[in-house]
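Quick note: residue numbers are just sequence positions, from 1. Side chains are part of it too, since the values below use all heavy atoms of this structure and drop only hydrogens, waters and symmetry mates.
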Amino acid sequence: MVSQRQIRADFDARTIVVYQAYAPAVAEPAVRAQRFVPPFSFSRMTWIKPSFRWLMHRSNWAGKSGQTRILAVRITRKGWEEALARAVLTTGDPARLADAEVHVQWDPERSLRGAALNHYSIQVGVGRSLVRTYAEEWVTQITDITLQAVKIGRLVQSGQSAKAQRLLPPERLYPLPATIGAHLSVDG
């Protein structure tokens, strides 16, 4: 049985990949600079997601207005874990949430076709006080994977799920330190 709340991601010994969807005006300068630069907003929360399928559901396979460019953002595991250590669940105490530097919510993971699955995917909202740290210190690489996302989406829409599945970025259980996972309702 799959645990209800585990972080599944593409990661190596030093970094983890999170996904974000943007308009070309934000994505193109970020890819060129290999870090987020204006017009990326440093004054609002930015949501990062280690689940590729969840972001594909959210962006409609790069088809939703303002979310037509899919970025694979490689960040340091140190930064990722720092964000999670500072996080407050969005379903928790509203007073704590209002003061939190990072928000975490658990949403149903998605199948290739977008159906809700019986386990959850983490979404991490990096607040205004940490956005610049995220953008300038934690990010190590930004890759535009829009063409891959669109190709997978077309295969899914044409009923070629097995081919689509083979093109998905790898995701495996992220070994989160127990002291960090306990306050975020992470299983295992």
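- Atom CD in Q105 sits 10.0 Å away from atom OG in S121 (nearest 0.5 Å).
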Residues Q141, Q34; criterion side chain to side chain contact (heavy atoms under 4.5 Å, CB included); working and verdict: CA-CA 6 Å; Q141 180 181 33; Q34 284 299 290; 3.5 Å; yes

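- To the nearest 0.5 Å, the span separating CG on L55 from NZ on K49 amounts to 6.0 Å.
- Listed by chain and number, the residues in a side-chain contact (heavy atoms from CB on, under 4.5 Å) with P177 are E81, T179, I180 (sequence neighbours excluded).
- With hydrophobic clusters built from ILVMFWY side chains whose heavy atoms lie under 4.5 angstrom apart, Y19 does not share a cluster with V73.
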Stepwise side chain to side chain contact (heavy atoms under 4.5 Å, CB included) test for V37 and F42: CA-CA 9 Å; V37 295; F42 292 96; 5.7 Å; no

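- Inter-residue side-chain proximity for L173 and I7 is flagged as unmet; no heavy-atom pair is nearer than 4.5 Å.
- Cation-pi geometry between R172 and F11 is satisfied (NZ or CZ under 6.0 Å from the ring centre, within 45° of the ring normal).
- Applying the salt bridge (Lys or Arg N to Asp or Glu O under 4.0 Å) rule to R132 yields the partners E136; only residues at least two apart in sequence or on another chain are considered.
- Side chain of H119 to backbone of P108: no donor-acceptor contact under 3.5 angstrom is found.
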Candidate pair V131 and R44, rule side chain to side chain contact (heavy atoms under 4.5 Å, CB included), full reasoning: CA-CA 8 Å; V131 167; R44 61 186 295 257; over 6 Å; no

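- In this structure a side-chain-to-backbone donor-acceptor pair under 3.5 Å is present from S111 to A115.
- Note that the CD atom of Q67 and the CZ atom of R58 stand 5.0 Å from one another [nearest 0.5 Å].
- Between the side chains of S51 and E109, a donor-acceptor pair is found at a separation under 3.5 Å.
- Note: F36 and Y22 meet the aromatic proximity criterion, with ring centroids under 6.0 Å apart.
- Annotation: the span from I48 atom CD1 to I75 atom CD1 amounts to 4.5 Å, rounded to 0.5 Å.
- Follow the hydrophobic side-chain contacts under 4.5 Å out from Y134 and you never reach M45; the two are in separate clusters.
- More than 12 non-hydrogen atoms from other residues, nucleotides or ligands lie less than 6.0 angstrom from CZ of R69.
- At a threshold of 4.5 Å between non-hydrogen side-chain atoms, the residues R14 and T140 count as touching.
- Side-chain contact between D10 and P50: absent, with no pair of heavy atoms (C-beta onward) separated by less than 4.5 Å.
- Cluster annotation: I142 and V18 are assigned to the same hydrophobic cluster (Ile/Leu/Val/Met/Phe/Trp/Tyr, side-chain heavy-atom contacts under 4.5 Å, transitive).
- In K64, the NZ atom is crowded: over 12 heavy atoms of neighbouring residues, nucleotides or ligands sit closer than 6.0 Å.
- Taking 4.0 Å as the cut-off between side-chain N and carboxylate O, R74 and D12 count as a salt-bridged pair.
- With sequence neighbours left out, K163 forms a side-chain contact (heavy atoms from CB on, under 4.5 Å) with L155, Q160, R166.
- For R86, the salt bridge (Lys or Arg N to Asp or Glu O under 4.0 Å) partners are E82, E101, not counting sequence neighbours.
- Formation of a donor-acceptor pair under 3.5 Å by the W106 side chain with backbone atoms of Q6 is not found in this model.
- F52 and W47 are members of different hydrophobic clusters when ILVMFWY side chains are connected at heavy-atom separations under 4.5 Å.
- Taking hydrophobic clusters as Ile, Leu, Val, Met, Phe, Trp and Tyr residues chained together by side-chain heavy-atom distances below 4.5 Å, V88 does not share a cluster with L184.
- Residues satisfying the side-chain contact (heavy atoms from CB on, under 4.5 Å) test with Q148, not counting sequence neighbours, are I145, I152, P169.
- Every residue two or more places apart in sequence or in another chain was checked for a ring pair (Phe, Tyr, Trp, His ring centres under 6.0 Å) with Y120, and none qualifies.
- To the nearest 0.5 angstrom, I122 atom CD1 is 5.0 Å from L84 atom CG.
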Pair Q20-I70, side chain to side chain contact (heavy atoms under 4.5 Å, CB included): steps then yes or no: CA-CA 6 Å; Q20 295 187 275; I70 307 301; over 6 Å; no

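- Rounding to the nearest 0.5 Å places NE2 of H57 at 13.0 Å from CG of L112.
- Within the 4.5 Å cutoff, the side chain of T143 has no heavy atoms near those of the V31 side chain.
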